[in-house]
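Below: one structure, written as structure tokens.
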Amino acid sequence: MLDIKLIRENADFVKTKLALRNEDTAKIDEILSLDVNRLEILHKVEALKETRNKVSAEIAKMKKEKVDAEDKIAEMKKVGDDIKAYDDELRGIESKIESILYHIPALPADGVPEGKDASQNVEIKIWGEKKNFSFEVKDHVQLGKHLDILDFERGTKISGSGFPLYKGKGATLERALINFFLDTHTNQNGYNEVMTPVLVSRASMEAAEKVPKFEEDMYHMQADDLFAIPTAEVPILNIHRDEIIKQDELPIKYCGFTNCFRREAGSYGKDTKGFLRVHQFNKVELFNFCTPETSYDELEKMLGHACGLLEALGVHYRVIELCTGDMGFSASKCYDIEVWSYAEDKWLEASSVSNCTDFQSRRAQIRYKKVLENGKTKTELVHMLNGSGLATSRLMVALLEANQNADGSINIPQCLKSYTKFDIIE
RNA sequence: AGAGAGAUGGCUGAGUGGUUGAAAGCGGCGGUCUUGAAAACCGUUGAUGCCUCUGGUAUCCGGGGGUUCGAAUCCCUCUCUCUCUGCCA
């Protein structure tokens, strides 16, 4: 969530930034007027409470001295009633402010390209080249079926469409990718590996800013009010919820593999083929808690960590910087990494790396003790970044297609061979 | 799932209606001593909001509600933890 103080003191700035995200800035005016009202009542009720505290102390003293205090008690009874009335009113206003605030996205960082939608994203890097095939390429569904390594029909039988079933060397290849990613991040990139719960509480979803805004997009277990995670970002972020971290412990970097679950409500009929849009997929997540001064540097490093994996795999990819109109709710700056699909003849998103600055840490109350120049300390919100490093399903599309041979067999990239223990799937 | 116990500051742990934002200890930070360190001693050490902002004030003792002039303390409720029993991997 945004800082109410920032809205109060720099309303025009906030509106300008939100307009870049196609947001209705009338919400800000609504918050401002509620805030004025809130402060007015807050001042009144605090003055009354001050009176109550003072007189209550006097009453205590009089009681001790066995002096009759009935007049003061009667007087305070009235004050108490007024306090209660104001407190109720205050609570009502605060919950109105929150319900608006919870639906306002993060402000885009300076320098993020301005644009209305995905068409105005900016390609900033392209790596590798398209291969030339001397035969007609098969798509990943055909390849998966031909080699009996992916069984989308039976996945559908088990759970419904969008729940893939990996078989044999397909399952092994998936496992190899995950292990390769985790090993690289822990051994070379300085991440601490975690294995987290995949069902999380409503409080955890709120802290990660997924609820209330995206509640409909997630699987929910009603009996226990638990949500299946759409990304490991949620449990990893919550590792430090309500904590104050020492400055010298930052940055804290975690990586973790989980299954991810998304209802993808509202996208029926779009990209239904195979892995293109699924309800359950596998992902190794990168997460970073750091100081505000370093977060944009950390963002570039994380992007590099994700790209490094694709380069090791020899997958043709590009990096795009999302424009203001296409960024996710919590992000101030975001890169997507896309891999090339020969069969679909288009780029597919395999990773997204975002700097969410203090947008989530404010709601999650994740802070650190900042040491000031005079030696004193100050608590400040940490900056938080998340990124996929990487999600496997769309990568699998690119990988299978790009490494296919004329007979439909698949060559295993060099860096995975020590994991798969086979060189080819045929 | 049933029975019982509990939740207090970075940690341990006092506190059962009136200067208790909270004793004590540990830890942290600063100092004295020391060539330096340890020990000892002294001091210091929570968060958040608002305001007329080198200060004032309000709020916070798991969450929420209630009783009362006044609640960490009493009542209700929810959540979580621990112990025992049951059930299941």
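Numbered from 1 within each chain, the chains take letters A, B, ... in sequence-line order. When reading the values below, keep in mind they use all heavy atoms of this one structure, side chains included, and skip hydrogens, waters and symmetry mates.
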Ignoring backbone atoms, establish whether [X] has a side-chain N or O less than 4.0 Å from OP1 or OP2 of [N].
X: A:K72; N: B:C69; answer: no
X: A:N53; N: B:G18; answer: no
X: A:T379; N: B:U48; answer: yes

### Where at least one partner belongs to residues 52-95 of chain A, residue pairs that pass ring pair (Phe, Tyr, Trp, His ring centres under 6.0 Å), sequence neighbours excluded
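Every candidate ring pair (Phe, Tyr, Trp, His ring centres under 6.0 Å) pair involving residues 52-95 of chain A fails, so no pair, neighbours aside, qualifies.
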### Task
Write out all pairs satisfying ring pair (Phe, Tyr, Trp, His ring centres under 6.0 Å) with one or both partners inside residues 181-212 of chain A, taking only residues at least two apart or from two chains.
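Ring pair (Phe, Tyr, Trp, His ring centres under 6.0 Å) check on residues 181-212 of chain A returns A:H185-A:Y191, A:Y191-A:H305.
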For [N] versus [M], give the span between their [atom1] atoms, rounded off to a whole number of Å.
N: B:G18; M: B:C75; atom1: P; answer: 16 Å
N: B:G65; M: B:G55; atom1: C1'; answer: 36 Å
N: B:G21; M: B:U45; atom1: C1'; answer: 14 Å

### Query
Do the rings of A:F329 and A:F214 sit parallel, tilted or perpendicular, given the 30° and 60° boundaries?
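Because their plane-to-plane angle is over 60°, the rings of A:F329 and A:F214 count as perpendicular.
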### Query
Parallel, tilted or perpendicular for A:F289 and A:Y254, by the 30°/60° rule?
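If you compare the ring of A:F289 with that of A:Y254, the planes turn out perpendicular.
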Distances for protein N/O vs nucleotides 70-81 of chain B N/O pairs under 3.5 angstrom?
| residue | atom | partner | partner atom | Å |
| --- | --- | --- | --- | --- |
| B:G70 | O4' | A:S56 | OG | 3.2 |

Of all the choices, [options], which nucleotide is nearest to the side chain of [X] once you look at every atom?
X: A:K369; options: B:A58, B:G18, B:G46; value: B:G46
X: A:K63; options: B:A58, B:U48, B:C69; value: B:C69
X: A:K49; options: B:U48, B:U59, B:U67; value: B:U59

#### Entry: salt bridge (Lys or Arg N to Asp or Glu O under 4.0 Å) partners of A:D242, counting only residues at least two apart
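None.
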### Query
Would A:E298 and A:K301 pass as an ion pair if we require N to O under 4.0 Å?
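So A:E298 pairs with A:K301 through a salt bridge.
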### Message
Can you pull out every salt bridge (Lys or Arg N to Asp or Glu O under 4.0 Å) where at least one residue sits in residues 219-230 of chain A? Sequence neighbours excluded, please.
### Response
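Qualifying pairs: A:R202-A:D225.
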Could you give the [atom1]-to-[atom2] distance, from [X] to [N], as a whole number of Å?
X: A:D81; N: B:C69; atom1: CG; atom2: P; result: 9 Å
X: A:Y368; N: B:G10; atom1: OH; atom2: P; result: 18 Å
X: A:D87; N: B:A58; atom1: CG; atom2: P; result: 14 Å
X: A:I73; N: B:G18; atom1: CD1; atom2: P; result: 14 Å
X: A:D242; N: B:C60; atom1: CG; atom2: C1'; result: 13 Å
X: A:K64; N: B:G18; atom1: NZ; atom2: C1'; result: 8 Å
X: A:D225; N: B:G63; atom1: CG; atom2: C1'; result: 14 Å
X: A:E75; N: B:U68; atom1: CD; atom2: P; result: 18 Å

Identify all pairs in which a protein N or O lies below 3.5 Å from an N or O of nucleotides 49-51 of chain B, and state each distance.
| residue | atom | partner | partner atom | Å |
| --- | --- | --- | --- | --- |
| B:G49 | N2 | A:E46 | OE1 | 2.9 |
| B:G49 | N2 | A:E46 | OE2 | 2.7 |
| B:C50 | OP1 | A:R8 | NH1 | 2.6 |
| B:C50 | OP1 | A:R8 | NH2 | 3.3 |
| B:C50 | O2' | A:H43 | NE2 | 2.6 |

Residues in side-chain contact (heavy atoms from CB on, under 4.5 Å) with [X], at least two apart?
X: A:D24; result: A:A26
X: A:K84; result: A:D88
X: A:I244; result: A:R367, A:K369, A:T379
X: A:K145; result: A:E153

### Query
Can you give the dot-bracket line for RNA chain B, where a pair is Watson-Crick or G-U wobble with both atom distances under 3.5 Å, crossing pairs use [ ], and | marks a partner on another strand?
((((((((.[[[..)..(.....]]]((((((.......))))))((((((...)))))).[[[[[..)....]]]]])))))))....
### Task
Report which part of the nucleic acid A:R91 touches: base, sugar-phosphate, or nothing (heavy-atom distance under 4.0 Å, all strands).
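The residue A:R91 makes sugar-phosphate contact but no base contact.
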### Query
Partners of A:N386 by side-chain hydrogen bond (donor to acceptor under 3.5 Å, both in side chains), sequence neighbours excluded?
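With sequence neighbours excluded, A:N386 shows a side-chain hydrogen bond (donor to acceptor under 3.5 Å, both in side chains) to no residue whatsoever.
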